[in-house]
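Below is one structure; the comments refer to it alone.
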Amino acid sequence: MSEPQLTADAVDYMTDTRPIAEGPAGPGCAKRDPIVVADDVSRRFGGITAVDVEHLEIPRHKITALIGPNGAGKTTLFNLLTGFDTPNSGTWQFEGTNLEGMSSYKVARLGMVRTFQLTKVMGKLTVLENMRLGASAQPGEKLRNALFQGIWGKREKDITAQADVLLAKFKLDTKRGDYAASLSGGQRKLLEMARALMVNPKLVMLDEPMAGVNPALTQSLLDHIKNLKAEGMTVLFVEHDMQMVRHIADWVVVMAEGKVVAEGPPAEVMRDQAVIDAYLGAHHDVDLGAAGGVQELEEVLAADEESVVGTEDAGILSEESVLSEDSEILAVRPPDDEDDDGDGTRERRTGRRAADSPPDVVPGTSHDSRED
Amino acid sequence: MDFGEIFNEAIGEMVSPTTAAYALAALGLAVHFGYSGLLNFGQAGFMAVGSYAFAMSTILLGAPWWIGLLIAIVAASAFALLLGIPTLRLRADYLAIVTIAAAEIIRYVVTTNSLTKVTGSANGLAGFRQDFLRLNPFPPGNYLGYSSPDFFYRFFGWGLVIIFGLGVWLLMRSPWGRVLKGIREDELAVRSLGKNVYAYKMQSLVIGGGFGALAGLVFTLPRDVVQPANYGTELTFFLWTCLLLGGMSTVLGPVIGAMLFWVVLSLTQNILFGLIGVGALPWLNPSQAGQLRYILVGVALMLLMIFRPQGVFGNKKELAFS
């Protein structure tokens, strides 16, 4: 597998091509370097088994997507792993620390920080105060120190500086003094993510970071998430937006009815017939909005004798061909080149698409309108 | 009708020890509700615990004033812990239910006849301030129209209000206060950031309850008598009225709210009495007038909520988002 050299300052984690799994990918497979290991975690609500995960490992320094139909138990699993809910059975470790029975705030202090599906910002605190609230190890948060600014003043300055850097990165610096409640839904998502980063987490767990966010903002959120990996963090996110999953995830875990039903690199998982049947649906990948997109796609596949034209898989194959071509062409782009032309451009830089793309697709024939 | 006299009396009410007690207790409610989002509907219970603890330790144990004060604070803190341990992990409403019930339990227990020797039953306890009055630094004389002990009660009460008001202000601008405000806004989010929400809520409950106990002392010392009838549920709701009048998440709000509450009560009472005296209100007798003034305070509160819902000192911007 050849990995194109993408950027000059690319960090190890971005170009790391070592296999994620030890052995073949499959539900519950062992990872080379897991950060979270869960065993037999189950949660029942009355007669309903919301989560019943036999074994799950989350790879360190990777972006893992957790997908599955509504009610599959994704958010419940999030709650269980972070101590916001108590499982009926099971054990799970974060970096070797057993988290069973640990309260949620202690889990967060270990460096496992989550966001919420329904964004939670402190509306009547300013954006800056929201950020400061996230910072850990603040002496001023102890009651006995609170009255003495001399004790916590310095740390307060430090975290304000840290907050300002993050706010600038998330383009919220102009909103610094505004009440968080005055932000739009998308800005709140950004604030929540930025606030989680104030904790200096090792593992960031994002529950539907893209829900209700407009396409332009999606693009910048995608970048932020990829940057987290570059900075050495591990990301686990729940998402229904398959474009996003395909673009940024290194690994995909599919849940259905509380169980992990499939695992693997996104391209492979999305070809999995069971996943398509249970979740993605046929033709999930065809961009019917793009002019001539469908037609072009079919032409390409018709020319390929090994293709599966007419089956549900067609869309994926087309997508991969597009990506593999792009990543070869665009691999030499400078890293700071901002492309804001919306969806579908960022993945050019990751490069790993090229490696993952199926060999049976001829590149270059389906560079369609959706890229421009 | 002598308007000079009416205004004088209103000003007198404004700085009375009772007003100081209301201000201090409402300040405790501001810590609870305004800053931490804790619904305490039993602040009268905290005041009762404080004043009974002081009176009982002085009368029954012969303790000096400072031991009595210490016992009052410890008792109120224990009361707060007792209420907080089972409820603070639950939703906010549970604390409200438990506090309102607990305050009533306290009142009924001290009224019990079989405890007459300890609590004095409905008559309460009297004669516990002698040791406290030895603190009075003011020699006999006339201070702004008050006798030396009267002036001392006001000095003591408002001194506490100023000290603790300043304390609350300092606390709430610290990172500790920020966590409390965060909890008020969204408890789960604060937990997800690694803060022990339960401990913070408990600290807030104890601090606000301690303010209640001190307010009980400020309230009861000038009377030198503590009676269960003074600590009914309506006291709690008067305190809430003060808090809402002034503005919830402010330090000055509850203080000014308490002053406003008593000024309005005094003005309406005296104006009504004056009008009855000159025969302008033949359909009203003085005892009805006493009830009517609470109706007028209620109307004033409603008008305030309609036209200035954030209270006198509240921040309009904060309210825009609630």
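Reminder, nothing fancy here: chain letters follow the sequence lines and each chain counts from 1. Computation of the quantities below employed the complete heavy-atom set of this structure, encompassing side-chain atoms and omitting hydrogens, waters and symmetry-equivalent molecules.
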Worked verdict on L147(A) versus L171(B) for side-chain contact (heavy atoms from CB on, under 4.5 Å): CA-CA 6 Å; L147(A) 284 177; L171(B) 279 178; 3.9 Å; yes
Minimum heavy-atom distance between [X] and [Y], given as atom pair plus value:
| X | Y | answer |
| --- | --- | --- |
| V179(B) | L133(A) | CA-CD1, 3.6 Å |
| M122(A) | D186(B) | CE-O, 3.9 Å |
| S174(B) | G140(A) | OG-O, 4.2 Å |
| A146(A) | W176(B) | CB-CB, 3.6 Å |

Relative to chain A, which segment of [X] carries a heavy atom at a distance below 4.5 Å: side chain, backbone, both, or neither?
| X | result |
| --- | --- |
| L188(B) | both |
| Y198(B) | neither |
| V197(B) | neither |

Within 6.0 Å of CD1 in I48(A), more than 12 heavy atoms from elsewhere: no
R173(B), CZ atom: more than 12 neighbouring heavy atoms under 6.0 Å: yes
Chain B contact via [X] - which portion, at a heavy-atom distance below 4.5 Å:
| X | value |
| --- | --- |
| A135(A) | backbone |
| S104(A) | both |
| E129(A) | both |

Option in R191(B), E185(B), R178(B) with maximal non-hydrogen atom pairs under 4.5 Å from chain A: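 Most heavy-atom pairs within the cutoff with chain A belong to R178(B).
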Approximate separation, where rounding is to 0.5 Å, of K181(B) NZ and L125(A) CG: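 So the gap between those two atoms works out to 6.5 Å.
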Between OG on residue S192(B) and NZ on residue K120(A), distance to nearest 0.5 Å: 9.0 Å
Within residues 190-209 of chain A, residues adjacent to chain B where the heavy-atom gap is under 4.5 Å: R195(A), A196(A), V199(A)
Contact residues of residues 106-118 of chain A (partner chain B; heavy-atom separation under 4.5 angstrom): A108(A), R109(A), V113(A), R114(A), F116(A)
Under the side chain to side chain donor-acceptor pair (under 3.5 Å) test, residues paired with K195(B) that sit two or more places apart: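 With neighbours one apart ignored, the set is E141(A).
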side-chain contact (heavy atoms from CB on, under 4.5 Å) partners for A75(B), two or more places apart: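 Checked A75(B) against side-chain contact (heavy atoms from CB on, under 4.5 Å); matches are V49(B), A53(B).
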Selection from W152(A), Y105(A), F84(A) maximising heavy-atom pairs under 4.5 Å formed with chain B: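 Most heavy-atom pairs under 4.5 Å with chain B: Y105(A).
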pair P175(B)-E156(A): side-chain heavy atoms closer than 4.5 Å: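 SC-SC contact between P175(B) and E156(A) confirmed.
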